[in-house]
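Working notes, structure below.
Order of listing sets the numbers, starting from 1, for every ligand and every atom in it. Computed from heavy atoms alone, side chains included, the values below leave out hydrogens, waters and symmetry copies.
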Amino acid sequence: MSLSNPESYARWHAARLAPLWESPNAHKAPAGPLASHIWRWNDTRPLVDLAFAETSPASVQRRVLQMLSPHARSLADEFTCGNVLAALQCLLPGETARPHRHTMNALRFLLEGSGAVTLVDGKECAMEFGDLVLTPGMCWHEHRHDGAEPVVWLDVLDVPLHQNLGTVVFQPGPIEETPVTMMDAAFASPNIVPCEVKGRRDHSPVFRYPYLDAVRALAHAPASPDGARRVRYVNPLNGGNAMATLAASMMQLDKGVQTVPARSNANVVCTVVEGHGETRIGEHTIAWGPRDTFTVPQHNWVSHRSDEGDARLFIVSDADVLQRLGLLSEELRSAG
Ligand code: GTQ
Ligand code: FE2
């Protein structure tokens, strides 16, 4: 029911004034959580081969297939889940991706092949199965592949956040001046760090987190309240997230464990590293296996379980962004 006559609306609209009482979604939360989506390795891997056949990094700069949310309104709406954009990047032996830098923070998680390296501010980071490599915002980076077989890795970036904040900056190489970095070895002795630290302080000085280190830590990690065991990838200097906007962790589902349903307003992308299982997200249950990637859009109840043996999932979320803005909410379904 209108409270005013049509002429008044016409005058407000002409002056670019919108009456709040007429606004269809004034301060209303969305009707419900978005549905999850899964990119199954069996479906996407042949499409990676298609990208190998159709393109070279020389022609397309980066051979990347973005995982666009089914809720994206156009190709320009670059997001996978909330503030997180995931993609598959692939290189053939002998190929390189040229140096550049950008404000967007990115991480890489190797899924297939070996022998590729990412150079981050000149520091060489090997990429073997399950390794995490960071390329924090405004760090120069380039990829090289001197191995013998194709490599495929997961890229995760905070692109949607930068698009919303208007902070996208991209600078192609050549590298002007290589910033100061420290060897990862300086931080590789447990619980001991150098007193003098060179280089930037707004991201981890360590760029490479080997898979075996995560597996070793997981083996002794106590269960979270929901029943899964988790480790976080942190900046060794302060225990906080390795990068400001992407929280990365590894979850292990021991055989027979079904996690207590949990809900959060963070947005999550999960990639299966090892094992098979099922995740219930809202009303839907999805079955997954190695190298599948699926989303947990904010506000969904989520519960995971592994099938036969243990399973490990690499998880990236925007939870730390929300946390530092005082906006994060997390809950666990209470028993009974
Ligand atoms: O590897 O530098 O998926 O700059 C998107 C933008 C990867 C990269 C992406 C990038 C990169
Ligand atoms: Fe990049």
Side-chain angles (χ1 to χ4, degrees), residues 39 44-45 47-48 50-52 54-69 72 75-92 95-113 115-127 131-147 150-165 167-176 178-179 181 200 203 207-209 242-246 248 269 271 291 293 295 314 316 318:
W39 287 264
T44 53
R45 186 60 185 82
L47 299 173
V48 168
L50 190 60
F52 280 133
E54 296 279 343
T55 64
S56 71
S59 64
V60 298
Q61 296 282 345
R62 279 166 290 287
R63 195 191 282 114
V64 169
L65 295 171
Q66 295 180 315
M67 296 168 169
L68 278 202
S69 164
L75 291 180
D77 202 9
E78 295 173 273
F79 78 100
T80 305
C81 190
N83 298 295
V84 183
L85 174 66
L88 293 172
Q89 183 164 175
C90 47
L91 281 182
L92 292 172
E95 291 180 340
T96 61
R98 271 181 269 154
H100 64 277
R101 63 179 181 175
H102 36 70
T103 45
M104 288 74 81
N105 293 285
L107 61 81
R108 334 282 167 170
F109 189 85
L110 194 108
L111 296 176
E112 183 190 304
V117 299
T118 294
L119 295 166
V120 188
D121 276 345
K123 187 156 85 169
E124 186 167 314
C125 302
M127 302 171 86
D131 289 355
L132 169 66
V133 171
L134 310 181
T135 55
M138 286 323 265
C139 290
W140 292 102
H141 53 285
E142 60 190 289
H143 311 292
R144 292 191 189 154
H145 186 16
D146 299 319
V151 293
V152 185
W153 68 74
L154 178 79
D155 278 332
V156 185
L157 299 96
D158 57 3
V159 165
L161 188 65
H162 287 277
Q163 286 184 331
N164 284 322
L165 295 173
T167 51
V168 173
V169 174
F170 183 98
Q171 194 180 0
I175 299 173
E176 295 155 348
T178 307
T181 56
R200 273 170 52 190
H203 59 69
F207 296 150
R208 173 172 185 246
Y209 297 74
M243 293 190 295
T245 56
L246 296 168
V269 172
T271 294
R291 299 163 172 159
T293 293
T295 62
F314 175 68
V316 184
D318 60 8

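- When the options Arg98, Arg101, His102 are evaluated for a side chain to side chain donor-acceptor pair (under 3.5 Å) with His141, the one that passes is His102.
- Contact of the Met138 side chain with the Thr103 side chain is registered, since non-hydrogen atoms from C-beta on lie closer than 4.5 Å.
- Contact annotation: the side chain of Leu65 approaches that of Val48 to within less than 4.5 Å [non-hydrogen atoms, C-beta and beyond].
- Counting the atoms of ligand 1 from 1 in the order shown, those under 4.0 Å from a heavy atom of Gln89 are 1 (O), 7 (C), 8 (C).
- Considering Glu142, Arg144, Met127 as possible partners of Val117, the one that fulfils the side-chain contact (heavy atoms from CB on, under 4.5 Å) test is Arg144.
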(request) Under the side chain to side chain contact (heavy atoms under 4.5 Å, CB included) rule, what do Arg108 and Cys125 come out as? Steps first, then yes or no, please. (result) CA-CA 11 Å; Arg108 334 282 167 170; Cys125 302; over 6 Å; no
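- Using a 4.0 Å heavy-atom cutoff, Arg108 is listed among the residues neighbouring ligand 1.
- When the options His102, Glu78, Glu142, Met104 are ranked by their closest heavy atom to atom 4 (O) of ligand 1, first place goes to His102.
- Closest to atom 11 (C) of ligand 1, if we only count protein heavy atoms, is Arg62 CD, 3.3 Å.
- At the shortest separation from atom 3 (O) of ligand 1 among protein heavy atoms lies Asp155 OD2, 2.8 Å.
- Residue His100 touches ligand 1 through its side chain alone, judged by heavy-atom distances below 4.0 Å.
- Here the Fe ion (ligand 2) is the vertex; the NE2 atom in His141 and the NE2 atom in His102 give an angle of 90° (to 10°).
- Residues Asp121 and Trp140 form a side-chain contact, since some pair of their non-hydrogen atoms from C-beta on lies under 4.5 Å apart.
- In terms of heavy atoms, His143 sits closest to Leu91 at CB-CD1, 3.8 Å.
- With ligand atoms numbered from 1 in the order given, ligand 1 contributes 3 (O), 5 (C), 6 (C), 9 (C) to contacts under 4.0 Å with heavy atoms of Leu157.
- Within the listing of ligand 1, atoms 1 (O), 2 (O), 8 (C) sit less than 4.0 angstrom from a heavy atom of His143.
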